[in-house]
Amino acid sequence: FSSHDVGLPGGGLAGTPHAFSFTAGGGLVDIGTFGGSHGLYSFSSAYGINTSGHIAGYAGSWRDAVTNSFFQHGFLYRPETGVMVDIGSLPGSVQSFGYAINDADQVTGYSRLADAPGGFAQFHAFVYTPGQGLLDLGTLGGVTSEGRAINSQGDVVGISTLSPGGVNRAFIYRASTGVISDLDRK
């Protein structure tokens with residue numbers, strides 16, 4: 001457990017939602033967004049925290065009201081630097097979501113890829129490792145997977161489909177073998 005809490009207040013700057021960190025000694029800290037000229041509406045959401053108080057989540061913006069272009073990436077935030085690191089997205093994607101973080105600052109979540117044949121939305125779970133980038137964990141045979149938790153060995157549990165449009169199944173990805181396996185398999 002961490003001595004920090006994370007969350008999403010009702011509104012940040014200009015009424016947009018911003019993720020926050022909270023400690024008894026430091027109080028509530030708005031961790032902001034990616035900043036810069038990303039667009040009309042910028043936001044951030046925090047989902048995971050490790051024992052050092054480092055935070056995983058996602059941030060983004062709508063860039064243009066006419067074309068409705070959108071930017072959203074997972075992040076790693078370290079309160080000691082005050083910097084929100086954009087962890088990027090898998091190739092061919094403009095969206096990623098960070099959901100969980102371990103004490104090695106590895107982040108898991110998912111990245112949206114181009115739609116699969118038949119119009120099915122395609123998401124793949126990933127592990128982000130600082131200095132190495134994103135690793136696509138694949139799926140159980142379908143077109144979607146989402147990493148939801150990561151342990152100190154870099155093993156990930158989450159959900160994935162067996163076929164396009166199929167139901168979600170629990171999976172485990174073992175970092176030591178690089179294999180994703182169906183936990184529901186009997």
Could you give the distance from [atom1] ([X]) to [atom2] ([Y]), rounded to the nearest 0.5 Å?
| X | Y | atom1 | atom2 | answer |
| --- | --- | --- | --- | --- |
| I49 | S21 | CD1 | OG | 5.0 Å |
| L137 | I172 | CG | CD1 | 11.5 Å |
| R169 | S163 | CZ | OG | 10.5 Å |
| F97 | S45 | CZ | OG | 9.5 Å |
| L76 | Q106 | CG | CD | 11.0 Å |
| T108 | F126 | OG1 | CZ | 6.0 Å |

Minimum-distance pair of heavy atoms, taken over all atoms of [X] and [Y]:
| X | Y | value |
| --- | --- | --- |
| F43 | Q72 | CZ-OE1, 3.1 Å |
| V179 | S181 | CG1-OG, 3.8 Å |
| G147 | A125 | N-CB, 3.4 Å |
| H73 | S89 | NE2-OG, 3.5 Å |
| E146 | F171 | O-CE2, 3.5 Å |

#### Entry: Derivation and outcome, side-chain hydrogen bond (donor to acceptor under 3.5 Å, both in side chains), residues S152 and N102
CA-CA 6 Å; S152 60; N102 66 14; over 6 Å; no
### Task
Please assess I150 against V127 for the test side-chain contact (heavy atoms from CB on, under 4.5 Å), listing each intermediate value before the final yes or no.
CA-CA 9 Å; I150 186 167; V127 171; 4.1 Å; yes
Test your reading of the model: is there a side-chain donor-acceptor pair from [X] to the backbone of [Y], 3.5 Å cut-off?
| X | Y | answer |
| --- | --- | --- |
| D184 | A170 | yes |
| T33 | S44 | no |
| S111 | L90 | yes |
| T144 | S160 | no |
| T139 | G142 | yes |

Within-4.5 Å side-chain heavy-atom neighbours: [X] and [Y]:
| X | Y | result |
| --- | --- | --- |
| V107 | I87 | yes |
| P130 | R78 | yes |
| H18 | I31 | no |
| I101 | H54 | yes |
| T161 | N168 | yes |

Give a yes or no on whether [X] and [Y] share a hydrophobic cluster (residues Ile, Leu, Val, Met, Phe, Trp, Tyr; joining criterion: side-chain heavy atoms under 4.5 Å apart).
| X | Y | value |
| --- | --- | --- |
| Y173 | L162 | yes |
| V143 | L113 | no |
| V156 | L135 | yes |

### Query
When Y58 is tested against each of Y128, F75, Y47 for ring-ring contact (aromatic ring centres under 6.0 Å, His included), which residue passes?
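Of the listed options, the one satisfying the test is Y47.
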### Task
Measure up the F123 and Y110 rings against each other and bin them: parallel (under 30°), tilted (30 to 60°), perpendicular (over 60°).
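Answer is perpendicular, since the angle exceeds 60°.
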